[in-house]
Colleague: 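Sharing a structure below in structure tokens format, with a few things to ask.
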2 protein chains.
Amino acid sequence: MGSLADYIEEYIKRLFQEATRDVIEIQRSQLAKMFGCVPSQINYVLSTRFTVENGYIVESRRGGGGYIRVIKINRRALPDVSAMIADGLGDALTEAEADRMLDRLQDLGLITEGERLSAKAVLSRELTGIPRELSPLVRARLLRGILTLILRQ
Amino acid sequence: MGSLADYIEEYIKRLFQEATRDVIEIQRSQLAKMFGCVPSQINYVLSTRFTVENGYIVESRRGGGGYIRVIKINRRALPDVSAMIADGLGDALTEAEADRMLDRLQDLGLITEGERLSAKAVLSRELTGIPRELSPLVRARLLRGILTLILRQ
DNA sequence: GAGGTGAAGGTCAAAGAAGGTCAAAATTTC
DNA sequence: GAAATTTTGACCTTCTTTGACCTTCACCTC
């Protein structure tokens, strides 16, 4: 603990404590000036500390009146099981593997039959036209995205 | 939120709230004076915020007694639009395009803020580690999949 | 009714104001 | 001392603001 990035992180987190909602807004250049660093340092902090994995979403707008908005997302609902599945799902999947995974989730009662079929439909639709060698990669991403959406509730 | 354009947008939207019909009329030069800006600023706001995509139509007439009329498009017609959007979403998307699309869908009331944020979270998470040149492609597929799931209900 | 006049609104491009990206350099950690 | 993390800076993209110049329209005069 002690790097500039750490201090900036702390500062932003303090802003959340003072805020009434789980949203804060900053101005990159102003914050940079405040910490006496280059603006891109702020991006560094945001991209290493305020990631989705850490429970944050960052939005921004350029131009006059631009801003950076950091949103804290509430993930209390994400059961460990689903997180495990989503994490352990890997970076590439064959169609058969995807099917097996969906079947297993349905067996476990984590998704309904309708959800399983929707997932399959989306997978098949969004994979058409994707080069063969990329399919497993895109399939894995898609499936993980689908599961995240279904299991989040 | 903070640019002049944002305030003018807000003002116009407030006019709609106060109006009994989904039509309001303004005078460009008078509005410009009210906000202390050049008249063309009003055109800028209209052409960036009150587009057909965002659910508005703008009509105007020049000359003496001229006016600008902004019409809010009826929402009942929108369910098909959502399918259209999902279909017409194309094969490649930049992050900004994806964001804009999600914003628009939220504005139209087709997705909730929570859904929009989930979608963003999924997109951001599933795109990490994807080679740069593939991102737009994978992003388009992911977003279409996500929207299909969200909108089918 | 032709033509002028002033009162709208329209267009477009340049200047200004943010924020983004990427890779090299510096520093810290192991 | 190698690997990981942090810091910096050069260069890029996007959005906003402004101003000069253009077009259209109602109305008036002859």
Side-chain angles (χ1 to χ4, degrees), chain A residues 1-12 24-51 53-54 57-71, chain B residues 1-12 24-51 53-54 57-71 92-101 103-104 120 123-124 127-136 139:
Chain A
M1 272 297 164
S3 74
L4 178 53
D6 291 332
Y7 295 136
I8 297 176
E9 175 187 4
E10 248 178 73
Y11 175 78
I12 294 178
I24 59 126
E25 254 173 44
I26 57 182
Q27 293 222 284
R28 191 179 78 145
S29 53
Q30 184 240 304
L31 196 53
K33 195 170 293 172
M34 181 169 155
F35 281 94
C37 62
V38 293
S40 55
Q41 175 76 321
I42 308 301
N43 296 81
Y44 175 71
V45 173
L46 291 172
S47 62
T48 55
R49 272 62 164 177
F50 295 87
T51 63
E53 285 79 12
N54 291 336
I57 287 178
V58 177
E59 296 180 330
S60 66
R61 214 170 77 188
R62 306 185 185 192
Y67 58 79
I68 296 180
R69 182 181 295 157
V70 188
I71 302 162
Chain B
M1 277 288 170
S3 71
L4 178 54
D6 291 332
Y7 297 136
I8 298 175
E9 175 188 4
E10 246 178 76
Y11 176 77
I12 294 177
I24 59 126
E25 257 174 41
I26 58 183
Q27 293 222 286
R28 192 179 77 146
S29 53
Q30 183 241 307
L31 234 193
K33 195 170 293 172
M34 179 169 156
F35 281 94
C37 63
V38 294
S40 56
Q41 175 77 313
I42 307 302
N43 296 82
Y44 175 72
V45 173
L46 291 172
S47 64
T48 55
R49 319 311 215 234
F50 295 88
T51 63
E53 289 191 337
N54 289 336
I57 290 176
V58 176
E59 296 177 336
S60 66
R61 216 165 80 189
R62 308 185 185 191
Y67 59 82
I68 296 179
R69 182 181 296 156
V70 187
I71 303 165
L93 276 186
T94 65
E95 188 175 354
E97 287 169 333
D99 279 353
R100 236 175 287 134
M101 171 145 283
D103 283 347
R104 216 163 71 212
K120 285 200 64 160
L123 279 181
S124 122
L127 281 168
T128 58
I130 294 270
R132 221 155 203 304
E133 64 276 17
L134 289 180
S135 302
R139 185 180 292 113

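All heavy atoms count here, side chains included; hydrogens, waters and symmetry mates do not. Quick caveat, the model's predicted, so the values are computed rather than measured. In what follows, chains are A, B, ... by sequence order, proteins preceding strands, each numbered from 1.
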Colleague: Quick one: is Arg100(B) getting a side-chain N or O under 4.0 Å of the dT14(D) phosphate, OP1 or OP2?
Modeller: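 So the side chain of Arg100(B) is outside the cut-off, no N or O lying under 4.0 Å from OP1 or OP2 of dT14(D).
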Colleague: Going by the rule ring-ring contact (aromatic ring centres under 6.0 Å, His included), which residues pair with Tyr67(B) if we only count those two or more places apart in sequence or in a different chain?
Modeller: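 Scan of Tyr67(B) (ring-ring contact (aromatic ring centres under 6.0 Å, His included), adjacent residues dropped) gives none.
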Colleague: So, OP1 or OP2 of dG20(C): does either fall under 4.0 Å of a side-chain N or O from Arg61(A)?
Modeller: no
Colleague: Summarise how protein sits on nucleotides 1-6 of chain C as a single string, 5' to 3': B when a protein heavy atom is under 4.0 Å from the base, S for sugar-phosphate-only contact, - for no contact.
Modeller: ------
Colleague: To the nearest angstrom, how far is Lys33(A) atom NZ from dA17(C) atom P?
Modeller: 12 Å
Colleague: What nucleic acid atoms does Arg69(B) come within less than 4.0 Å of, heavy atoms only: base, sugar-phosphate, or nothing?
Modeller: nothing
Colleague: Are the charged groups of Lys120(B) and Glu59(A) less than 4.0 angstrom apart, N to O?
Modeller: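 So Lys120(B) pairs with Glu59(A) through a salt bridge.
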Colleague: Within this structure, what is the CZ-to-P distance between Arg49(A) and dT5(D), rounded to whole angstrom?
Modeller: 10 Å
Colleague: Look at all strands and tell whether Ile68(B) reaches a base, only sugar-phosphate, or nothing, counting heavy atoms closer than 4.0 Å.
Modeller: sugar-phosphate
Colleague: I'd like to check the ring-ring contact (aromatic ring centres under 6.0 Å, His included) partners of Tyr44(B); sequence neighbours left out, ordered by chain and number.
Modeller: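 Partners of Tyr44(B) by the ring-ring contact (aromatic ring centres under 6.0 Å, His included) criterion come out as none, since no residue qualifies.
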Colleague: Answer with base, sugar-phosphate or nothing: what part of the nucleic acid does Ser40(B) contact at a heavy-atom distance below 4.0 Å?
Modeller: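 If one applies the 4.0 Å heavy-atom cut-off, Ser40(B) turns out to touch a base.
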Colleague: Between C1' on dT7(D) and OH on Tyr7(A), what's the gap in Å once rounded to a whole number?
Modeller: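 Whole-Å distance recorded here is 15 Å.
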Colleague: If you compare every side-chain N and O of Ser60(A) against the phosphate oxygens of dG20(C) (OP1, OP2), does one of them come in below 4.0 Å?
Modeller: yes
Colleague: Starting at the 5' end of DNA chain D, which residue's closest nucleotide do you reach first, Val38(B) or Ala96(B)?
Modeller: Ala96(B)
Colleague: At 4.0 Å (heavy atoms only), tell me whether Leu4(B) reaches a base, stays on the sugar-phosphate, or touches nothing.
Modeller: sugar-phosphate
Colleague: Report yes or no: does Glu97(B) contribute a side-chain atom to a donor-acceptor pair with the main-chain N or O of Thr94(B) at less than 3.5 Å?
Modeller: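 Yes; judged by distance alone, with no hydrogens or angles, the pair exists.
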Colleague: Phosphate oxygens OP1/OP2 of dG9(C): is one of them under 4.0 Å from a side-chain N or O of Ser29(B)?
Modeller: yes
Colleague: Check whether any side-chain heavy atom of Leu4(B) lies under 4.5 Å from a side-chain heavy atom of Cys37(B), and answer yes or no.
Modeller: yes
Colleague: Does the Ser40(B) side chain pair with the main chain of Asn43(B), one donor and one acceptor, at a distance under 3.5 Å?
Modeller: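 A pair under 3.5 Å: no.
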Colleague: Does Gly2(A) offer a backbone N or O that forms a donor-acceptor pair with the side chain of Asp6(A) under 3.5 Å?
Modeller: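 Indeed, once roles are kept as given, a pair shorter than 3.5 Å links the two residues.
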Colleague: On the nucleotide dT7(D), are OP1 or OP2 found under 4.0 Å from the side-chain N or O atoms that Tyr44(A) carries?
Modeller: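 Answer is no, no contact under 4.0 Å.
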Colleague: Taking the side chain of Asn43(B) as its heavy atoms from C-beta onward, which of dT8(D), dG20(C), dT11(C) lies nearest to it?
Modeller: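 Between dT8(D), dG20(C), dT11(C), the one nearest the side chain of Asn43(B) would be dT11(C).
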